Amino acid sequence: MATLQAQSLLLSISSSSSSSSSYSFRRRCRAVLHAPPSNLSPKGNKPPIAIRLTEADDRRRVITPAGFTPLLPPKSPQAKIDDAVIRKLYAIAEAAADRAEMHAIIGKQRDNWNHLFLHSVNSLALSASLMSGLACVGSDASSPHVLAFKLSSVLLFAATSTVMLVVNKVQPSQLAEEQRNAARLWRKLEKEIQSKLSLQTPRESDVDASMRKVLALDKAYPLPLLPGMLEKFPKKVEPTCWWPRKEYKQSETTAIDEKYQTNYSNGWSKELEESMKGVAKVLQTKDQAEYVTVGKLVLNINKGFAIAGPVFAGMAAAAAGFIGLPATGSWPVLVTAVGGALAATVNTLEHGGQVGMVFELARNCAGFYKKLEEEIEESLEEREAEKRENGELFELKMALSLGRSVSDLRKFRSFASASGKVDEDVTEFAGKLF
């Protein structure tokens with residue numbers, strides 16, 4: 001009975017305060033209401049019941065009896081820290097998704113550049129060759145149509161040479177491949193953060209690691225074309241690095257090393273460790289070396305095309321200026337026609353065949369295997385197995401990354417020792433994915 005009277009009293013206060021200001025509402029709701037003992041408890045043997053609106057429940061308009069735990073208890077400092085970490089990781093994930101969309105859009109734009117420049121340069125070169133052929137039709141070199149065709153041929157060949165120089169400098173097909181790979185890596189980073197949020201309790205170190213990955217990706221694949229564009233003809237071909245480089249300091253305690261060498265846990269064993277060492281060695285000496293060699297070959301071919309195309313167009317432009325002169329005869333027409341045809345052919349082979357994209361693909365593949373090698377080395381350098389990632393899970397991830405089964409990785413155990421001759425003994429590469 002006392003409870004019903006108290007509740008009715010509170011409801012009357014709430015209804016009357018609905019028309020008042022928000023300040024008076026909070027002031028009344030937070031007041032402690034005590035019912036008179038004579039009215040609430042005739043026998044006088046029951047304590048008075050106080051009803052209040054707590055600070056946390058005020059936001060949800062939930063009324064709780066005094067002395068009971070509110071529905072939304074105040075958060076502990078650790079819970080507030082966890083919430084801040086989660087918010088930071090969600091902010092990084094949103095930024096990664098936005099970066100992925102930006103790189104995808106720019107990648108499509110630069111792929112369009114490649115197609116447009118390819119057809120435009122070929123049209124210019126072939127049109128200039130046609131103009132030079134029409135210029136020698138007339139018998140009089142001073143006739144108006146000969147001069148018009150002659151000047152048109154010179155201007156078109158000069159424009160062809162200039163455009164080819166610019167296009168060969170930026171390599172649109174290579175730019176498109178950079179953006180495609182960057183978009184894939186940004187989406188991968190977003191998924192990694194989402195998986196971390198759903199599978200484990202995030203920590204401040206996870207935020208720092210994610211930020212380092214963001215900065216490394218921004219540096220490896222810049223968005224602007226100028227300035228900051230990656231070098232298209234580097235002096236030294238190296239694997240692309242889009243991850244933060246880590247330096248792990250090995251423990252100098254001998255007791256820990258001896259314990260580590262005899263006790264394995266967390267899914268690790270001596271056989272698994274030797275298998276991973278063998279895989280890392282094969283990745284370094286076979287897979288990476290192969291793609292670096294291919295990259296050097298493609299780069300030299302691309303350099304030859306980038307120089308030959310503008311040279312052919314420039315020679316044709318110079319020869320077009322001598323068309324119609326009696327002293328030169330028919331040689332200028334021959335040089336312009338052949339030069340224009342060769343310029344169009346070289347341009348088609350270079351940009352139609354997307355040689356720059358092939359070079360960037362080889363460099364990215366070498367970087368992919370370099371990253372796997374460093375992951376293995378970083379995990380093995382950790383002297384305490386409990387601090388490593390679970391061994392069985394790590395082995396499964398490596399098998400998936402290399403396109404092999406778990407049992408296939410174990411045959412690389414024989415190359416773990418320093419005396420193993422990888423180049424002579426291994427006939428296949430560690431990676432089968434590409």
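Please read all numbers here as calculations on a predicted model, not as lab measurements.
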Distance, nearest 0.5 Å, that separates [atom1] of [X] from [atom2] of [Y]:
| X | Y | atom1 | atom2 | answer |
| --- | --- | --- | --- | --- |
| Met398 | Ser379 | CE | OG | 8.0 Å |
| Arg110 | Leu225 | CZ | CG | 5.0 Å |
| His119 | Asn122 | NE2 | CG | 8.0 Å |
| Phe312 | Thr336 | CZ | OG1 | 14.0 Å |
| Lys370 | Leu372 | NZ | CG | 11.5 Å |
| Ile307 | Met164 | CD1 | CE | 12.0 Å |

Identify each donor-acceptor pair in which a side-chain atom of residues 124-131 lies under 3.5 Å from a protein atom, sequence neighbours left out, and give them as a table.
| residue | atom | partner | partner atom | Å |
| --- | --- | --- | --- | --- |
| Ser127 | OG | Ser123 | O | 2.7 |
| Ser129 | OG | Ala125 | O | 3.1 |

Could you pull out all donor-acceptor pairs under 3.5 Å where a side-chain atom in residues 231-244 meets a protein atom, sequence neighbours excluded?
| residue | atom | partner | partner atom | Å |
| --- | --- | --- | --- | --- |
| Glu231 | OE2 | Phe233 | N | 3.4 |
| Lys232 | NZ | Leu230 | O | 2.7 |
| Thr240 | OG1 | Asn364 | OD1 | 3.2 |
| Trp243 | NE1 | Glu374 | OE1 | 2.8 |

Got [X] and [Y] here, is their nearest side-chain heavy-atom distance under 4.5 Å?
| X | Y | value |
| --- | --- | --- |
| Ser120 | Val163 | no |
| Leu189 | Val214 | yes |
| Val170 | Leu226 | no |
| Lys88 | Asp206 | no |
| Ser401 | Phe368 | yes |

Provide the closest heavy-atom pair for [X] versus [Y] in the form atom of the first, atom of the second, distance.
| X | Y | result |
| --- | --- | --- |
| Pro222 | Gln179 | O-NE2, 3.6 Å |
| Arg413 | Ser275 | NE-OG, 3.5 Å |
| Pro202 | Ile86 | CG-CG1, 3.7 Å |
| Lys432 | Gly403 | CB-O, 3.8 Å |
| Ala319 | Pro332 | O-CB, 3.2 Å |
| Thr348 | Leu118 | CA-CD1, 3.8 Å |

Under 3.5 Å: donor-acceptor pair, side chain of [X], backbone of [Y]:
| X | Y | value |
| --- | --- | --- |
| Asn112 | Lys108 | yes |
| Arg180 | Gly107 | no |
| Asp287 | Gly431 | yes |

Partner set under salt bridge (Lys or Arg N to Asp or Glu O under 4.0 Å) for [X], not counting sequence neighbours:
| X | answer |
| --- | --- |
| Arg410 | Glu395 |
| Glu274 | none |
| Lys411 | Glu428 |
| Asp111 | none |

Would you please name every residue forming a ring-ring contact (aromatic ring centres under 6.0 Å, His included) with Phe117, sequence neighbours left out?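 For Phe117 there are no ring-ring contact (aromatic ring centres under 6.0 Å, His included) partners, ignoring immediate neighbours.
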
Yes or no on side chain to side chain contact (heavy atoms under 4.5 Å, CB included) for Phe149 and Ile323, after CA distance, side-chain angles and deciding distance? CA-CA 10 Å; Phe149 285 133; Ile323 294 178; over 6 Å; no

Under a 3.5 Å threshold, yes or no: a donor from one side chain and an acceptor from the other, between Asp408 and Ser405?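 Judged by distance alone, the side chains do pair up.
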
For atom CD of Glu392, is the number of surrounding heavy atoms from other residues, nucleotides or ligands below 6.0 Å larger than 12?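 Result for CD/Glu392: open.
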
A quick test of your reading: do over 12 heavy atoms of other residues, nucleotides or ligands sit less than 6.0 Å from NZ of Lys303?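 Yes - once you tally the heavy atoms of other residues, nucleotides and ligands closer than 6.0 Å, there are more than 12.
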
Residues Glu377, Lys277; criterion salt bridge (Lys or Arg N to Asp or Glu O under 4.0 Å); working and verdict: CA-CA 8 Å; Glu377 292 178 351; Lys277 289 180 180 179; over 6 Å; no

Apply side chain to side chain contact (heavy atoms under 4.5 Å, CB included) to residues Asn181 and Arg184 and explain how you reach the verdict. CA-CA 5 Å; Asn181 196 47; Arg184 180 185 67 85; 3.0 Å; yes

Show every side-chain hydrogen bond (donor to acceptor under 3.5 Å, both in side chains) that has at least one partner inside residues 152-170, sequence neighbours left out.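 For residues 152-170, and leaving out neighbouring residues, the side-chain hydrogen bond (donor to acceptor under 3.5 Å, both in side chains) pairs sorted by first residue read Asn168-His351.
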
Please, which pairs that meet side-chain hydrogen bond (donor to acceptor under 3.5 Å, both in side chains) have at least one residue in residues 190-202, sequence neighbours excluded?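 Listed once each, the pairs are Glu192-Lys213.
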
May I have the step-by-step check of side chain to side chain donor-acceptor pair (under 3.5 Å) for Gln354 and Glu177, ending in yes or no? CA-CA 10 Å; Gln354 300 189 12; Glu177 178 61 23; over 6 Å; no

I'd like a table of donor-acceptor pairs (distance under 3.5 Å, sequence neighbours excluded) in which one partner is a side-chain atom from residues 91-99, with atom names and distances.
| residue | atom | partner | partner atom | Å |
| --- | --- | --- | --- | --- |
| Arg99 | NE | Asp218 | OD1 | 3.2 |
| Arg99 | NH2 | Asp218 | OD2 | 2.9 |

After noting the C-alpha distance and the side-chain angles of Leu175 and Met229, does the key distance pass the side chain to side chain contact (heavy atoms under 4.5 Å, CB included) rule? CA-CA 9 Å; Leu175 291 174; Met229 182 181 65; 4.2 Å; yes

Can you pull the ring pair (Phe, Tyr, Trp, His ring centres under 6.0 Å) pairs that have at least one residue in residues 374-406, sequence neighbours excluded?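 Applying ring pair (Phe, Tyr, Trp, His ring centres under 6.0 Å) to every pair that reaches into residues 374-406, excluding sequence neighbours, yields Trp268-Phe394.
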
List the steps and the verdict of salt bridge (Lys or Arg N to Asp or Glu O under 4.0 Å) for Lys270 and Glu273. CA-CA 5 Å; Lys270 185 176 181 180; Glu273 194 174 86; over 6 Å; no

Set out, in order, the CA-CA distance, both residues' side-chain angles and the distance that settles salt bridge (Lys or Arg N to Asp or Glu O under 4.0 Å) for Glu375 and Lys371, then state yes or no. CA-CA 6 Å; Glu375 287 179 357; Lys371 184 175 184 295; 2.5 Å; yes

Applying the side chain to side chain contact (heavy atoms under 4.5 Å, CB included) criterion to Asn302, which one of Val358, Leu297, Val355 satisfies it?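 The side chain to side chain contact (heavy atoms under 4.5 Å, CB included) with Asn302 is passed solely by Val355 among Val358, Leu297, Val355.
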
Residue pair Arg203, Val85: steps toward the side chain to side chain contact (heavy atoms under 4.5 Å, CB included) verdict: CA-CA 6 Å; Arg203 297 173 294 180; Val85 170; 5.6 Å; no

Partners passing side-chain hydrogen bond (donor to acceptor under 3.5 Å, both in side chains) against Glu360 (at least two apart in sequence or in another chain):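 Once residues adjacent in sequence are excluded, the partners of Glu360 under the side-chain hydrogen bond (donor to acceptor under 3.5 Å, both in side chains) criterion are Gln174, Arg363.
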
